[in-house]
Amino acid sequence: MMVSQMVNFTNTAFKTVLNVQNEWLHKLKLAISNTHTKPFKRSASKNGQVYLIGAGSGDPELLTLKAHRILQHADVVLVDWLVNSEIQQYFPAHVEVIFVGKRQGCHSMSQAQICQLLVAKALENKTVVRLKGGDPSIFGRLSEETHALAEHDIPFAIVPGVTAASACAAYTGIPLTDRRCSQAVQFVTAHCKDDAQQANWSQLVASKQTLVFYMGLTRVDSIAKQLIKHKMSPDLPIAVVDKGSLTDQQLCCRTLASIDAERDLKDFVGPALVIVGDVVNYRQRVDLTLLQANYFVEETQSPSCLKIKGA
């Protein structure tokens, strides 16, 4: 008798749990269905909106899915110099493309003019994309542009991108950190607004972490000399990556004492990234053919026949 009661109780409890679970699943499916069938509608506004998007570093396939999706709805795209021109294949046909690139000694437009243009286009009730190389928040003058937008009550959002340090490290096989020698990494700009904002070399040397210098091609010798001057070991390895993640990427690995830009980097044209630290010694050669867009599918002599690698 007691066994029969226990079985009945267990069955009843199980059915109760199952009913609750089914009800929960039904609500979840309904919520998902509503998400797909009722797209978000932005509130009516006299202004448009601005997306500040990181295009990734070099390789156009490093563009994120979110960046690609937003680009399809853009009316205007303001493009930086460091953005790979191949990314324009992902732009919608109707979009207005404005080049606002800046490189050392050659500015197509000042930063103030770029900010004014962002505001003006948004006030025309347009969806504006500010497309920056790498990640917009790393040496991308992001705060200056968001400040201008905020001053005019223009809604904006920021989409991160693959920064140059991550891309160059990945495509050259250099780990940015390693538990044997570096538990941190510091990004440093080689170009400051004025001399008073130059790097604190003593602090950089004392940190005992991986140092990554952006925009440092013309200052490699100076970087090496300053680090040695402030007591960093002359034998510490330094790597310079030119056109990181592109098909014509170049890499030079030396020590702080042996690097000579005139001799070692004569064929480098930029943009380039400088990595300093013992992590360079742990570099392993990367097979970049594995990352090529056509790696998994090759056309054979017959256009109608496809050969699948690894099949």
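All residue numbers refer to positions in the sequence shown, counting from 1.
Put simply, the side chain of Leu131 reaches to within 4.5 Å of the side chain of Phe91, judged on heavy atoms. Two residues are said to be in side-chain contact when any heavy atoms from C-beta on lie closer than 4.5 Å; Ile174 and Val279 meet this criterion.
With respect to Val76, the side-chain contact (heavy atoms from CB on, under 4.5 Å) criterion is satisfied by exactly one of Ile98, Val95, Val129: Ile98.
In this structure, a donor-acceptor pair under 3.5 Å is absent between the side chains of Gln88 and Ser85.
Residues satisfying the side-chain contact (heavy atoms from CB on, under 4.5 Å) test with Ala170, not counting sequence neighbours, are none. Residues passing the side chain to side chain donor-acceptor pair (under 3.5 Å) test with Ser233, sequence neighbours excluded: none.
Summarising the local packing, CD of Gln89 is surrounded by more than 12 heavy atoms from other residues, nucleotides or ligands at distances under 6.0 Å. Around atom CG of Leu290, more than 12 heavy atoms belonging to other residues, nucleotides or ligands sit under 6.0 Å away. Counted within 6.0 Å of CZ on Arg179, heavy atoms from surrounding residues, nucleotides or ligands total 12 or fewer; the atom is thus considered open. Around atom NE2 of His94, more than 12 heavy atoms belonging to other residues, nucleotides or ligands sit under 6.0 Å away. Shown here is Lys225, whose NZ atom has no more than 12 heavy atoms of other residues, nucleotides or ligands within 6.0 Å. Other residues, nucleotides and ligands contribute over 12 non-hydrogen atoms within 6.0 Å of the CD atom of Gln72.
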- prompt: Is there a side chain to side chain donor-acceptor pair (under 3.5 Å) between Thr255 and Ser258 once you walk through the steps?
  reply: CA-CA 5 Å; Thr255 65; Ser258 66; 2.8 Å; yes

task: Walk me through it: do Leu246 and Asn84 pass the test side-chain contact (heavy atoms from CB on, under 4.5 Å)?
output: CA-CA 9 Å; Leu246 294 174; Asn84 191 325; 3.5 Å; yes

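Checking side-chain atoms of Asp75 against main-chain N and O of Thr127 turns up a donor-acceptor pair under 3.5 Å.
Note on ring orientation: taking the six-membered ring where Trp is involved, the planes of Phe213 and Trp201 are parallel (angle under 30°, cut-offs 30° and 60°).
Under a hydrophobic-cluster definition in which Ile, Leu, Val, Met, Phe, Trp and Tyr are linked whenever side-chain heavy atoms come within less than 4.5 Å, directly or via other members, Ile87 and Val79 are assigned to the same cluster.
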